[in-house]
Amino acid sequence: MSLSLRKIIFVFALFLLASCNSENKKDPYQNLDRRDRIRLMQYMQEGRRLYTLYCANCHQPDGTGLARLYPPLRNSDYMKANKTSVICGIKYGQKGPITVNGIEFNQIMPPVPNITDLEIAEIATYIYTEFADTTQIITLNDVRVILDQCAANDSLAIKK
């Protein structure tokens, strides 16, 4: 068998394996129209960058948290049940005990007062899509409504 024929067979085998593998992967964004899919991808990319900048040092790059010091975001029952508190916490910080997946955490989460509402929307979209196994765009309007609620409710956040 000639060398060029072996190369052709090898390339064909790789193509066949790649196409079989892609059929097994379900598109997690199939329920979104083209415009929302593009918007989600933009939010995810920027959200990942901002998460790395503001959040990953404590919550870890993969969202698993740090032992009993900083709670996990990945598969977090707290995050899924408390979207308002999570979004308020990004802007205003959080204090007091919380229970995440049956483990109590009581470390102060510092505020990020200079973060924009759009950046919060991008981080929230990223963490809820990447770590909470949902596909959702948390919009700028969603964030503004939630931040108005926590600004009116001192118990939701650390205030200056």
Test Thr139 against Arg39 for side chain to side chain contact (heavy atoms under 4.5 Å, CB included), laying out the working first. CA-CA 10 Å; Thr139 67; Arg39 186 170 165 203; 3.2 Å; yes
I need the [X] [atom1] to [Y] [atom2] distance, nearest 0.5 Å.
| X | Y | atom1 | atom2 | value |
| --- | --- | --- | --- | --- |
| Lys91 | Ile146 | NZ | CD1 | 13.5 Å |
| Asp142 | Gln136 | CG | CD | 8.5 Å |
| Arg35 | Leu40 | CZ | CG | 14.0 Å |
| Ile90 | Ile127 | CD1 | CD1 | 4.5 Å |

Under 4.5 Å between side-chain heavy atoms, counting indirect links through other Ile/Leu/Val/Met/Phe/Trp/Tyr residues: same cluster for Leu53 and Tyr70 or not? no
Does the Tyr92 side chain pair with the main chain of Ala151, one donor and one acceptor, at a distance under 3.5 Å? no
Can you confirm whether Asn101 is buried at CG, in the sense that more than 12 heavy atoms of other residues, nucleotides or ligands lie under 6.0 Å from that atom? yes
Give every residue pair that meets the side-chain hydrogen bond (donor to acceptor under 3.5 Å, both in side chains) criterion with at least one member in [range], sequence neighbours excluded.
| range | value |
| --- | --- |
| residues 73-82 | Tyr78-Gln94 |
| residues 59-68 | Asp62-Thr64 |
| residues 47-58 | Glu46-Arg49 |

Atom of [X], atom of [Y] and distance for their closest heavy-atom approach:
| X | Y | result |
| --- | --- | --- |
| Met109 | Gly89 | CE-O, 3.1 Å |
| Leu73 | Phe131 | O-CB, 3.6 Å |
| Leu69 | Gln107 | O-CB, 3.5 Å |
| Met44 | Thr129 | SD-CB, 3.6 Å |

Show which residues join Val145 in its hydrophobic cluster (side-chain heavy-atom contacts under 4.5 Å, direct or indirect), or state none.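 Traced through the cluster, Val145 reaches no other member.
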Partner set under side chain to side chain contact (heavy atoms under 4.5 Å, CB included) for Phe105, not counting sequence neighbours: Pro71, Pro72, Ile98, Val100, Ile103
Identify every side-chain donor-acceptor pair in residues 117-125 under 3.5 Å, counting partners at least two apart or on other chains, and give the distances.
from	atom 1	to	atom 2	distance (Å)
Glu119	OE1	Thr116	N	3.0
Glu119	OE1	Thr116	OG1	3.4
Thr125	OG1	Ala121	O	2.8
Thr125	OG1	Ile138	N	2.8
Thr125	OG1	Ile138	O	3.3

